[in-house]
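Notes follow the structure.
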2 protein chains.
Amino acid sequence: MIENNPKKIHIPEHCPVRNVFDRFGDKWSVLILMALDTAPSMRFNELHKGIELISQKMLTVTLKTLEADGLVKRTMYPQIPPRVEYELTERAKTLLPHIHNLIDWSKEHMADIEESRKVYQEQLA
Amino acid sequence: MIENNPKKIHIPEHCPVRNVFDRFGDKWSVLILMALDTAPSMRFNELHKGIELISQKMLTVTLKTLEADGLVKRTMYPQIPPRVEYELTERAKTLLPHIHNLIDWSKEHMADIEESRKVYQEQLA
DNA sequence: CCTTTGACTTACCAAAAGTAAGTAAATATA
DNA sequence: TATATTTACTTACTTTTGGTAAGTCAAAGG
């Protein structure tokens, strides 16, 4: 009777859920998608200035993974200095409503959450 | 004319969006909430076994932040060996539908996304 | 006694992310 | 002619975060 399962919940390593949240479960992906949602297209430096505190490095690597996932389209104009435009794909546009729902939830509950955090901190002291 | 804003998108460091996604934008929070959603309450080791590959350390620290945010309720029964039960709060229950929407989106699109990733990889080679 | 049990800590190490400087190539300025 | 500027990145290096494995606590069971 090795492994006599008590409650059989199991969130395995490889599943669509993990696959998605490993993408959204990083600091910057969602923020970039949101920024791109505010204009038809944006250039690298616009994103860099628009998303406070993101580093150039993290902006490039995150844009690359978003591009790989088909959520962002990258268009390079061969000029000098170079011009590169980023825009949301149709796929990304089907995702954004869900993200906005999370944002709305967060706006609605953030005051309460911060209050909870304060109370929790005070309990520790 | 320093700072003659071209497109005024701006995602500042301190805003409800960041505040929420810094929470969800970590590897484990959402997974723990999902696991807790499958039963009325769960013990530490049930979660540890149920969520594949999470370390004890990350489980404890993530549970603590979820507790601090009022998303998880922790109940300790003073026995030896100890028994600790975790359950979702009402606040968390209002959040879970949105998370499930994201999961549904991810199930719907994951095949296409993996295909995109494959194509993207092949382009590089 | 010594082992087991459950929910953790702690110390140490690896991986991820942040920082700052560098690159390319043409145009603008001195 | 020499230097500075511009944009979209790389690269090398440092810091922070996360993972691993062992240890702790106190009682019950063999």
Side-chain angles (χ1 to χ4, degrees), chain A residues 1-7 11 13 18 21-32 35-36 41-68 72-87 123-124, chain B residues 1-4 6-7 11 13 18 21-32 35-36 39 41-68 72-87 123-124:
Chain A
M1 244 155 272
I2 304 157
E3 197 67 37
N4 195 350
N5 52 342
K7 292 172 192 170
I11 297 179
E13 188 184 356
R18 299 286 288 258
F21 283 112
D22 281 357
R23 284 289 175 224
F24 309 158
D26 79 298
K27 236 175 152 169
W28 302 113
S29 294
V30 169
L31 258 27
I32 292 175
L36 287 172
S41 82
M42 296 185 76
R43 302 181 63 175
F44 186 87
N45 278 342
E46 284 180 324
L47 286 167
H48 189 222
K49 281 169 204 152
I51 301 168
E52 210 165 90
L53 289 191
I54 194 172
S55 66
Q56 285 190 325
K57 178 181 157 188
M58 279 301 104
L59 183 53
T60 47
V61 318
T62 309
L63 280 170
K64 271 178 195 167
T65 67
L66 290 172
E67 197 197 347
V72 161
K73 186 178 166 222
R74 185 187 120 114
T75 311
M76 191 176 119
Y77 299 90
Q79 309 172 349
I80 285 174
R83 183 160 70 96
V84 180
E85 299 266 0
Y86 292 95
E87 61 189 297
Q123 284 174 344
L124 297 185
Chain B
M1 241 153 276
I2 306 155
E3 196 66 39
N4 194 352
K7 292 172 190 170
I11 298 179
E13 188 183 356
R18 299 287 288 257
F21 282 110
D22 280 359
R23 283 289 177 224
F24 308 157
D26 79 296
K27 233 174 153 169
W28 302 113
S29 294
V30 169
L31 258 28
I32 292 175
L36 288 173
S41 82
M42 296 184 77
R43 302 181 62 173
F44 185 87
N45 278 342
E46 284 180 324
L47 288 166
H48 188 221
K49 282 169 204 151
I51 301 169
E52 210 165 90
L53 290 190
I54 193 172
S55 64
Q56 285 190 323
K57 179 180 158 191
M58 280 300 103
L59 183 54
T60 47
V61 317
T62 309
L63 281 169
K64 271 180 194 166
T65 67
L66 290 172
E67 196 196 349
V72 162
K73 186 179 166 220
R74 187 188 119 114
T75 311
M76 191 177 119
Y77 300 89
Q79 310 170 349
I80 284 173
R83 183 160 69 97
V84 180
E85 298 265 1
Y86 293 94
E87 59 190 300
Q123 285 174 344
L124 297 186

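Labels below follow one simple rule: chain letters A, B, ... track the order of the sequence lines, proteins then strands, and each chain is numbered from 1.
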TODO: Would you give the length of the straight line joining atom CD1 of A:Ile32 to atom OG1 of A:Thr62, rounded to the nearest 0.5 angstrom?
DONE: 4.5 Å
Task: A:Glu46 CD to D:dT6 P, straight-line distance once rounded to whole Å - done: 16 Å
Open item on the list: Can you see if the side chain of B:Arg83 gets near the phosphate of C:dA7 - specifically, an N or O under 4.0 Å from OP1 or OP2?
Closed with: no
TODO: First locate atom CH2 of B:Trp28, then atom CG of B:Leu53, and finally report the distance between them rounded to the nearest 0.5 Å.
DONE: 6.0 Å
- [ ] State, with a plain yes or no, whether a side-chain heavy atom of B:Thr65 is found less than 4.5 Å away from one of B:Asp26.
- [x] no
TODO: Going 5' to 3' through nucleotides 25-30 of chain C, assign each nucleotide B (protein heavy atom under 4.0 Å from a base atom), S (under 4.0 Å only from sugar-phosphate atoms) or - (no protein heavy atom that close).
DONE: BS----
Open item on the list: Rounded to whole Å, please give me the gap between CZ in A:Arg43 and P in D:dT6.
Closed with: 12 Å
TODO: Using a 4.0 Å cut-off on protein heavy atoms (strictly under), produce a 5'-to-3' string for nucleotides 8-22 of chain C with B for base contact, S for backbone-only sugar-phosphate contact, and - for none.
DONE: BB-------BBB-B-
TODO: Using side-chain hydrogen bond (donor to acceptor under 3.5 Å, both in side chains) as the criterion, point out the one residue from B:Glu46, B:Glu87, B:Glu85 that pairs with B:Ser41.
DONE: B:Glu85
- [ ] Can you see which heavy atom on A:Phe44 is nearest to which on A:Gln56, and at what distance?
- [x] CZ-O, 3.9 Å
Open item on the list: In whole Å, I'd like the distance from the CD atom of B:Gln79 to the C1' atom of C:dT4.
Closed with: 16 Å
TODO: Determine yes or no for a side-chain-to-main-chain donor-acceptor pair under 3.5 angstrom, with B:Thr60 supplying the side chain and B:Lys57 the backbone.
DONE: yes
Open item on the list: Nearest whole Å is fine: how far is D:dA8 C1' from A:Met42 CE?
Closed with: 15 Å
TODO: Indicate the atoms forming the closest heavy-atom contact of B:Tyr86 with B:Leu36, along with that distance.
DONE: O-CD2, 3.5 Å
Open item on the list: Working to the nearest 0.5 angstrom, can you tell me the gap between A:Arg83 CZ and A:Arg43 CZ?
Closed with: 6.0 Å
Open item on the list: In this structure, how many angstroms lie between the P atom of D:dG18 and the CD1 atom of B:Ile32, rounded?
Closed with: 12 Å
